[in-house]
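A short worksheet on the structure shown next.
Each ligand, and each atom within it, is numbered from 1 in the order the structure gives.
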Amino acid sequence: MKKILVTGAVGQIGSELTLALRQKYGNDNVIATGHKTKPSEKLLNSGPFELINCTDINTIEAVVKKHNIDTVYHLAALLSAVAEANPQLAWDVNMNGLYNTLEVAREYKCALFTPSSIGAFGPSTPLDNTPQDTTQRPNTIYGVTKVAGELLCDYYYKRFGVDTRGVRYPGIISYETLPGGGTTDYAVEIYYEAIKHKKYTCFLKEGTYLDMMYMPDAIKAAIDLMEAEPGKLKHRNAFNVTAMSFAPEHIASEIKKTIPEFTIDYKVDPVRQAIAETWPNNMDDSVARQEWGWKPKYNLASMTKDMLEKLSQKLKKD
Ligand code: AKB
């Protein structure tokens, strides 16, 4: 049985990925780790939790040694908007954190999954049907760390044989844990506001298309890629994966089908709008489909139905 370490386990993706990994590989075989944010009861009660700080290699090494780890899901990172507000911290967490994790993976012969993002593309990338292999010249610090991270992971695979794999996640929509300061966060906030106040003021302009994905598909992508036959992978870091592409008005119309009185208006945040405009409108993820059988389950309609149901139940309990 695998022994897995998850960094960033308290974050939006980490909190749900950890529980899914525990279900698949056994509670005691998945070590959740976090830095500052308080873990949920679900995370704490379902298996081991350790404090680590990815910018301090000794804290990663201690946990890998203690639990005999052979696989790392490295999710600790700053998202795009927060990174743009503090580029120095973003470099430290996103780059030095990844470098430290790769070094420990090399030393202790661990496989490593780490997500890249649609943020690894930039204004000179073809923004429609964005190919797997194309120009990557992002103009945000988040994008710079994502491209450098993809290259560094490929380097560790080729140079040291570390089994590194990754996907370029689009915006991830979920109801368990809020995202922490990304450009695509509006697509999560809109559901909360629709249920609570029946209206939402969007920080991106009408017509701003971005790739998106519902959390169950995001988790499936990470686990399926790590389970894929290595011989079938021509690419490693990182695969385009998407489930849907829409602009704010489309998610609003979909919500209206369940909450007819829902309305959307717009108050554009120039920083996040500028970031969104350099990201793909829609990616081509056929390479992931060919090499390891990627196939999302949810589209905008099925995601919206599930999100509104599950989030309403959750908000009633809170
Ligand atoms: C962000 O908006 O920063 C993230 C991402 C697409 O990488 N959700």
Note to self: Tell me the contacting part of I118 for ligand 1: side chain, backbone, both, or neither, using a 4.0 Å heavy-atom threshold, strictly below.
What the structure shows: side chain

Next item on the list: Distance to 0.1 Å, residue and atom name: give those for the protein heavy atom nearest to atom 3 (O) of ligand 1.
Entry: S80 OG, 2.6 Å

Next item on the list: Please write down residue, atom name and distance for the protein heavy atom closest to atom 2 (O) of ligand 1.
Entry: T183 N, 2.7 Å

Check: Below 4.0 angstrom, N of the basic side chain to O of the carboxylate: do K146 and E150 qualify?
Finding: no

Item checked: Q136 side chain vs V147 backbone, donor-acceptor pair below 3.5 Å -> no

Margin query: Any heavy-atom pair between the side chains of Y191 and I251 that's under 4.5 Å?
Written below: yes

Next item on the list: Please lay out, stage by stage, how K310 and E176 fare under the test salt bridge (Lys or Arg N to Asp or Glu O under 4.0 Å).
Entry: CA-CA 9 Å; K310 302 272 172 52; E176 285 287 354; over 6 Å; no

Check: Hey, looking at atom 7 (O) of ligand 1, which of Y186, Y169, Y142 has the closest heavy atom?
Finding: Y142

Next item on the list: Look only at interatomic distance and state if T184 has a nitrogen or oxygen under 3.5 Å from any nitrogen or oxygen of ligand 1.
Entry: yes

Next item on the list: Please identify which atoms of ligand 1 are closer than 4.0 Å to at least one heavy atom of S117.
Entry: 5 (C), 6 (C), 7 (O)

Next item on the list: Flag this pair as yes if the NZ/CZ of R236 is under 6.0 angstrom from the six-membered ring centre of Y157 and inside a 45 degree cone about the axis; otherwise no.
Entry: yes

